[in-house]
Protein chains: 2
Amino acid sequence: MNTPAANNANELLKLDNQLCFPLYALSRMFTKAYQPYLQALDITYPQYLVLMLLWEHRELTVKELGEKLLLDSGTLTPLLKRMEQRQWLSRRRDPRDERSVIITLLPTGHELQAQACSIPVHLLEKLQLSPTEFETLRTQLQQLLTVLR
Amino acid sequence: MNTPAANNANELLKLDNQLCFPLYALSRMFTKAYQPYLQALDITYPQYLVLMLLWEHRELTVKELGEKLLLDSGTLTPLLKRMEQRQWLSRRRDPRDERSVIITLLPTGHELQAQACSIPVHLLEKLQLSPTEFETLRTQLQQLLTVLR
DNA sequence: CAAGATTTAGTTGTATACAATTTAATGGCT
DNA sequence: AGCCATTAAATTGTATACAACTAAATCTTG
């Protein structure tokens, strides 16, 4: 354990020298930053992600949602059922392929968009990043996401 | 909804135009990338974080762990109890302040370090980032973490 | 066309996260 | 000393995540 190589390995084992921990911590901090705005709409962050996709696409299968959010049915099915209970969306089997379930936004779900569209603006203010910084970071993360996918 | 301002607000509501989603997705993908190596040690990612801190510091209170990991006792207490059951660490009240709980690494917990020190190396390989890219990204995330904290 | 492979959701069980509340101990102040 | 505010963990309840498995529908290939 006292060779330079071992010391280097131990250095790498420190929290501060890793990429993963800041990602993990930042991800949770962002979710908390969203919290007050989401609470006003009575939705959670993953539910907000689903809504964003449905505002853009109107209807999507569970599989498509999973591909876009990188979540599986074990997470999505109960989440979508909760959203169905609140009348934000409907779940129905695809008549042309009974294996698939099509998620469609209901009127109540559409109405949330008007209240939600100020959320990203609020968050941008909280971040205090210049548009350039924001864009650079977003692009880098997006790239890393593509590489790892 | 057809004014330029409203359209811009709707643009911002797309997944691809946000910082938060790539952080959220990347964080989970990283955890999955660690998974095979952590599974070999039979630990979870948050448990690995706790171990890394204890390898570096020997003993820490629950409060100190929470400050470093940005987690509260609601998350840490049950997590630490599970690690205690496996004899990796001990939990005992601080005699000088009975409110605090001191977490100390046990021999079994120390031994895990020898097996764990190859993990960051494996991860670096998976990432395929140049040392410069890695460092730039790490610094940016670290900074963002400091700003938001 | 029939059997086996594949695909899509759903289910089960475990482990986080975290808000909100509770409990116990300590500190500060009169 | 006695009281109140503060602090540190623990507890409770809800909502993700995700591995592993199941069930049903569809596809493929001989």
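Computation of the quantities below employed the complete heavy-atom set of this structure, encompassing side-chain atoms and omitting hydrogens, waters and symmetry-equivalent molecules. To find a chain, count down the sequence lines: A is the first, B the second, and so on, and within it residues start at 1.
- If you take CG of Leu38(B) and P of dC18(D), they are 14 Å apart, rounded to a whole angstrom.
- Distance CD (Glu67(B)) to P (dT7(D)): 12 Å, rounded to an integer number of Å.
- What separates CD of Glu84(B) from C1' of dA10(D) is a distance of 13 Å, to the nearest Å.
- With respect to the salt-bridge test (charged N to carboxylate O, under 4.0 angstrom), the residues Arg93(B) and Glu98(B) do not qualify.
- Put simply, NZ on Lys63(B) is 14 Å from P on dA10(D), counting in whole angstrom units.
- For the pair Glu135(A) and Arg138(A), the salt-bridge criterion is met [side-chain N within less than 4.0 Å of a carboxylate O].
- The CD-C1' distance, from Glu64(B) to dA9(D), rounds to 14 Å in whole Å.
- Between Ile102(A) and Leu60(A) there is no side-chain heavy-atom pair separated by less than 4.5 Å.
- Side-chain contact check for Leu105(A) versus Glu59(A): every heavy-atom pair is 4.5 Å or farther apart.
- Taking CD of Gln47(A) as the start and CH2 of Trp88(A) as the end, the distance is 5.0 Å to the nearest 0.5 Å.
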Can you tabulate the close N/O pairs, meaning under 3.5 Å, that link protein atoms to atoms of nucleotides 17-20 of chain C?
from: dA17(C); atom 1: OP2; to: Tyr24(A); atom 2: OH; distance (Å): 2.4
from: dC18(C); atom 1: OP2; to: Arg28(A); atom 2: NH1; distance (Å): 2.9
from: dC18(C); atom 1: N4; to: Gly74(B); atom 2: O; distance (Å): 3.4

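- Ion pairing of Lys68(B) with Glu64(B) is absent here, as no side-chain N (NZ or NE/NH1/NH2) approaches a carboxylate O to less than 4.0 Å.
- Distances shown here put a side-chain N or O of Thr44(A) below 4.0 Å from the OP1 or OP2 atom of dT16(D).
- Qualifying side chain to side chain donor-acceptor pair (under 3.5 Å) partners for Asp97(A), counting only residues two or more places apart in sequence or in other chains: Arg99(A).
- The closest side-chain donor-acceptor pair between Thr104(A) and Arg92(A) falls under 3.5 angstrom.
- Spacing between atom NZ of Lys81(B) and atom P of dT14(C) amounts to 17 Å, rounded to whole angstrom units.
- Shortest non-hydrogen contact noted between Ser27(A) and Leu23(B) is CB-O, 3.8 Å.
- Arg86(B) has its CZ atom 12 Å from the P atom of dT14(C), to the nearest Å.
- Rounded to an integer number of Å, the gap from Arg82(B) CZ to dG13(C) P is 17 Å.
- Taking every heavy atom of residues 90-106 of chain A and every atom of DNA chain C, pairs under 4.0 Å involve Arg91(A), Arg93(A), Arg99(A), Ser100(A), Val101(A), by number.
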